[in-house]
Amino acid sequence: MARRSRSPRPLRRVELDFLDTAPVRLVFTLGIIAPPEAVYRALAVDTESTPEWFAAVKSARRTEVGRDVGLAGGVRFEETVLVDEAPKRYVYRADTCNAPGLRALLEEWRVEPVGPGSLVQWTFAMDGPAPLRMLMRVLRPGLGRAFRDAVLALDRRLAGVG
């Protein structure tokens, strides 16, 4: 059975305070060997290479104000970058999405030096109707695994980059 593609629709344009006030706020952290500059470059500059290390991302390209991202299952986002502080912080807001129910989404990536490596933290802040909020809390372990697998794949990809 073919999936019907849903038209993108506008989401609420939240700002940085949403990282603290979102109804659903999931935070994941992992230490890796790659240096912060290389990790940040992969997150914020080499957008098109994201599918090579983040399995859930099927396409990613830079736009004038942010990124256009396609996920497995056909979900698409148009994003605006709100913070681009190399090599430590990258924050973007989803402005449109074709997933049903999602009202607002903001993601933050922090990269801190730890010895020669990095501590990578991803904050996923979202809002939607109660059933979607509950589902996202239930899916937390899966999102955590996806984050861990992606960051470890990125670390392997960046091995030797300094």
Side-chain angles (χ1 to χ4, degrees), residues 8-71 75-99 101-128 132-133 136-137 139-140 143-155 157-158 161-162:
R9 55 186 179 67
L11 301 181
R12 192 168 81 235
R13 293 191 177 234
V14 295
E15 298 299 329
L16 294 176
D17 64 331
F18 192 68
L19 288 167
D20 297 317
T21 63
V24 176
R25 185 176 179 275
L26 307 175
V27 181
F28 307 98
T29 306
L30 186 65
I32 58 174
I33 296 168
E37 295 78 11
V39 174
Y40 188 85
R41 181 170 180 75
L43 291 170
V45 179
D46 296 335
T47 303
E48 287 77 11
S49 71
T50 305
E52 296 171 22
W53 56 269
F54 206 133
V57 177
K58 297 306 174 194
S59 66
R61 69 176 181 81
R62 291 174 73 140
T63 64
E64 193 173 302
V65 297
R67 309 178 325 159
D68 182 40
V69 177
L71 301 182
V75 175
R76 297 201 67 79
F77 296 96
E78 290 177 6
E79 302 168 341
T80 296
V81 174
L82 301 179
V83 177
D84 188 353
E85 294 174 357
K88 60 184 179 180
R89 189 172 181 223
Y90 188 59
V91 183
Y92 47 88
R93 170 188 64 219
D95 292 326
T96 68
C97 180
N98 65 345
L102 187 64
R103 292 181 188 145
L105 176 64
L106 190 70
E107 296 181 46
E108 175 187 55
W109 291 84
R110 286 187 176 267
V111 184
E112 299 293 331
V114 176
S118 303
L119 184 66
V120 181
Q121 177 180 290
W122 176 45
T123 301
F124 178 91
M126 62 83 59
D127 188 18
L132 179 59
R133 293 192 311 260
M136 293 312 296
R137 289 183 184 107
L139 293 176
R140 184 186 202 299
L143 284 173
R145 277 190 300 280
F147 164 78
R148 183 191 69 235
D149 292 350
V151 172
L152 290 174
L154 176 60
D155 198 31
R157 178 180 168 83
L158 297 174
V161 176

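Scope of the values below: all heavy atoms of this structure, side chains included, with no hydrogens, waters or symmetry mates. Just so you know, these numbers come straight off a predicted model, no measurement behind them.
- Within 6.0 Å of atom CG in L139, more than 12 heavy atoms from other residues, nucleotides or ligands are found, so the atom counts as buried in its surroundings.
- Side-chain contact check for V111 versus S118: some heavy-atom pair is nearer than 4.5 Å.
- For V24 against L26, the heavy-atom pair with the smallest separation is CG1-CG, 4.0 Å.
- The side-chain tip of R93 does not point at the ring of F18 from less than 6.0 angstrom away and within 45° of straight on.
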task: Step by step, work out the ring pair (Phe, Tyr, Trp, His ring centres under 6.0 Å) result for W109 and Y90.
output: CA-CA 5 Å; W109 291 84; Y90 188 59; 8.6 Å; no

query: side chain to side chain donor-acceptor pair (under 3.5 Å) between D68 and T63: does it pass, once the steps are laid out?
result: CA-CA 7 Å; D68 182 40; T63 64; over 6 Å; no

- request: Test F28 against R140 for side-chain contact (heavy atoms from CB on, under 4.5 Å), laying out the working first.
  value: CA-CA 10 Å; F28 307 98; R140 184 186 202 299; 3.3 Å; yes

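- Residues V114 and L119 share a closest heavy-atom pair of CG2-CB, 3.6 Å.
- Heavy-atom contacts from other residues, nucleotides or ligands closer than 6.0 Å to CZ of R9 number more than 12.
- Of all non-hydrogen atoms in G66 and V81, the two that sit nearest each other are CA-CG2, 3.7 Å.
- Judged purely by atom type and a 3.5 angstrom limit, D127 has no side-chain atom pairing as donor or acceptor with the backbone of P23.
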- request: Check the pair L106 / L82 against side-chain contact (heavy atoms from CB on, under 4.5 Å), numbers first and verdict last.
  value: CA-CA 9 Å; L106 190 70; L82 301 179; 3.5 Å; yes

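- Here CZ of R25 is found 14.5 Å from CE of M136. Values are rounded to the nearest 0.5 Å.
- A donor-acceptor pair is defined here as one N or O able to donate and one able to accept, closer than 3.5 Å; no such pair exists between the side chain of R103 and the backbone of R12.
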